[in-house]
Amino acid sequence: MSDEKRKTYKPVPISGFPEWLPEIRLVEQGWMDHIRRVFESYGFCSIETPSVEALDVLRAKGEVDKEIYVLERLHRDEDDDSEARLALHFDQTVPLARYTAQHFNDLVFPFKRYQMQRVWRGERPQLGREREFYQCDIDVIGVDHLPLHFDAEMPAVIYEALEGLDIGRVQIKVSNRKILTGLCGALGIADPVPVTRMIDKMDKIGADGVREGLSALGLSSAQNDSLMALAQIKTRDPETLKARIESLSLQGDDVITEGVAELAFVLEQLRHLPDHAVTADLSIVRGLDYYTGTVYETRLLDIPAFTSSVCSGGRYDDLAGSYINKHLPGVGISIGLTRLFAVLEHHGHIKAGRKSPADMLVVLPAEERRAAAAETARALRARGYKVELYHAPQKLKKQLAYAEKKGIPYIWFPPFEDGQGHEVKYMTTGAQITADPETWTPES
RNA sequence: GCGGCCGUAGCUCAGUGGUAGAGCCCUCGGUUGUGGUCCGAGUUGUCGUGGGUUCGAUCCCCAUCGGCCGCCCCA
């Protein structure tokens with residue numbers, strides 16, 4: 001190295017592409033492990049699809065409005081069209097559709113799978129809105145028919161997954177699109193999309209805001225009143241739900257009746273969850289156009305700073321119609337893991353873990369003792385501990401400070417001289433006792 | 001894609017028309033086999049980039065890039 005200062009690129013974070021320090025990553029990893037365990041406990045199997053799909057596949061469902069990252073080889077021959085254009089997937093539903101169609105004959109239906117992968121969207125980054133983020137999806141796909149039972153299983157799974165993350169009380173809001181779209185039809189509203197989108201903002205801009213918005217869309221005050229009366233229904237009791245819909249005098253519309261029955265069934269199946277955990281909320285619609293029945297959204301009740309949904313999904317009539325000539329209805333829900341994690345981290349709700357996964361640091365007393373210390377470390381590892389052997393025979397002050405900074409809770413002292421025994425030090429209390437690497441277990 | 005705010009050490013920020021500081025962090029030391037506290041010493045910046053005004057700009061003006069927030073949409 002010369003005296004002259006080397007030229008360096010200033011390292012800067014890439015906006016929208018989050019990364020964590022080890023002590024935060026440890027927590028995120030713990031979350032993923034927990035979520036995975038819950039998913040598997042309900043029998044969902046894991047699949048992983050490539051980061052990329054053919055661009056045509058991603059666009060097959062008509063969602064061209066998504067900002068898609070296209071993959072390009074630097075040395076691609078300009079005229080070479082032999083390779084399909086690839087792009088990073090923006091969700092896990094489209095890849096699932098392609099996957100299901102492709103492996104249709106080898107899959108067992110109803111196909112229950114989970115998928116925890118990164119997805120990419122080129123939208124403007126903001127807090128809780130990244131360009132690269134993890135989604136944890138569960139979906140169930142049926143052939144021709146999919147029992148409503150699964151619509152009720154989704155919130156049950158998600159409640160368990162989120163409830164174990166130490167993020168306070170979680171509430172899953174459930175609705176059924178048939179009710180609101182049925183009402184739009186009954187009211188003679190030609191294009192229900194802008195109307196439902198406005199109603200979906202209830203949480204954000206309030207009832208008055210929605211009412212104004214609906215008027216601005218050109219609805220009559222009678223239409224407005226009907227919609228608002230419906231959209232403000234919020235209950236977790238199926239009987240109350242039915243009663244309140246009946247009081248709106250909407251009988252006779254088959255679509256609405258069907259939607260109410262489905263939603264009531266879902267609520268009924270979720271009675272085992274705590275009171276706060278589930279509610280029907282008729283203002284929930286979801287933006288995605290392919291949802292046809294049950295829809296979900298999730299709120300954190302104890303963290304007011306977190307206003308957006310951390311987990312949402314719904315039922316769709318036909319998952320893979322673009323890829324296979326079969327009728328495959330499904331229902332799915334997705335945890336926006338990175339959004340959830342990043343926002344909570346930003347607001348100081350994530351308690352940092354340790355900077356190292358190691359349970360203990362084995363001290364290296366002197367170079368001549370390295371072989372013996374390494375043997376001690378192996379013995380402890382063989383008993384299931386995560387063990388780091390200090391790398392150099394430096395002053396103990398340095399070795400202990402190293403362990404302290406990394407948050408390693410136990411220091412193991414192998415013999416410094418022949419004939420001596422082992423000792424272990426508890427960093428939390430400072431206590432140090434003699435111990436045998438073959439039998440020692442930490443006092444709880 | 002549209003609108004607003006902001007760009008000074010790794011981080012949080014102060015500061016002045018005459019080429020810069022604090023706290024935290026980091027490194028080393030306070031002798032002989034033991035961390036966290038305390039004390040002492042030390043390193044770090046093209047003051048986002050380019051141009052203009054000026055004898056002189058980090059500070060004034062213009063542009064540009066970048067970041068953050070809101071909207072759209074959504075996890």
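In the text below, chain A, chain B and the rest are named by the order of the sequence lines, each starting its count at 1.
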_Please determine whether any donor N or O and acceptor N or O are separated by less than 3.5 Å between the side chain of A/Arg339 and the base of B/rC74._
yes
*asked:* Please tell me if A/Gln126 has a side-chain N or O lying less than 4.0 Å from either OP1 or OP2 of B/rG70.
replied: yes
*Phosphate-side-chain proximity, A/Lys398 and B/rU34, N/O vs OP1/OP2 below 4.0 Å*: no
*Please state how far atom CD in A/Glu417 lies from atom C1' in B/rU32, giving the value in whole angstrom units.*
14 Å
*Donor/acceptor link under 3.5 angstrom from A/Gln432 side chain onto base of B/rG35*: no
*If you measure from the C1' atom in B/rU58 to the same atom in B/rA14, how many Å do you get, rounded?*
13 Å
*Find the distance A/Arg197:CZ to B/rC74:C1' and express it as a whole number of Å.*
10 Å
*Do the rings of A/Phe111 and A/Tyr99 sit parallel, tilted or perpendicular, given the 30° and 60° boundaries?*
parallel
*Give a yes/no verdict on base stacking between B/rA75 and A/Phe133: centres under 5.5 Å, planes within less than 30° of parallel.*
yes
*Whole-Å C1' distance, B/rC55 and B/rG10*: 37 Å
*Using the six-membered ring wherever Trp is involved, compare the ring planes of A/Trp120 and A/His89 and label them parallel, tilted or perpendicular (cut-offs 30° and 60°).*
tilted
*Please work out which of the three classes, parallel, tilted or perpendicular, describes the rings of A/Tyr402 and A/Tyr390, given edges at 30° and 60°.*
perpendicular
*Using a cut-off of less than 4.0 Å, is there contact between a side-chain N or O of A/Ser15 and OP1 or OP2 of B/rC68?*
yes
*Phosphate oxygens OP1/OP2 of B/rG30: is one of them under 4.0 Å from a side-chain N or O of A/Lys397?*
no
*Can you tell me how far P in B/rC59 sits from the matching atom in B/rU54, rounded to whole Å?*
16 Å
*Using atom C1' of each nucleotide, how far apart are B/rU46 and B/rG4 to the nearest Å?*
30 Å
_Looking at B/rC74, I'd like to know if its phosphate oxygens (OP1 or OP2) sit under 4.0 Å from a side-chain N or O belonging to A/Lys204._
no
*Could you work out the separation of B/rC68 and B/rG52 based on their P atoms and round it to a whole Å?*
31 Å
_What's the gap between B/rA20 and B/rG45 when it is taken at their C1' atoms, as a whole Å value?_
9 Å
*asked:* Whether A/Ser334 contacts B/rA75 is assessed here as follows: a side-chain N or O lying under 4.0 Å from the phosphate OP1 or OP2. Is that the case?
replied: no
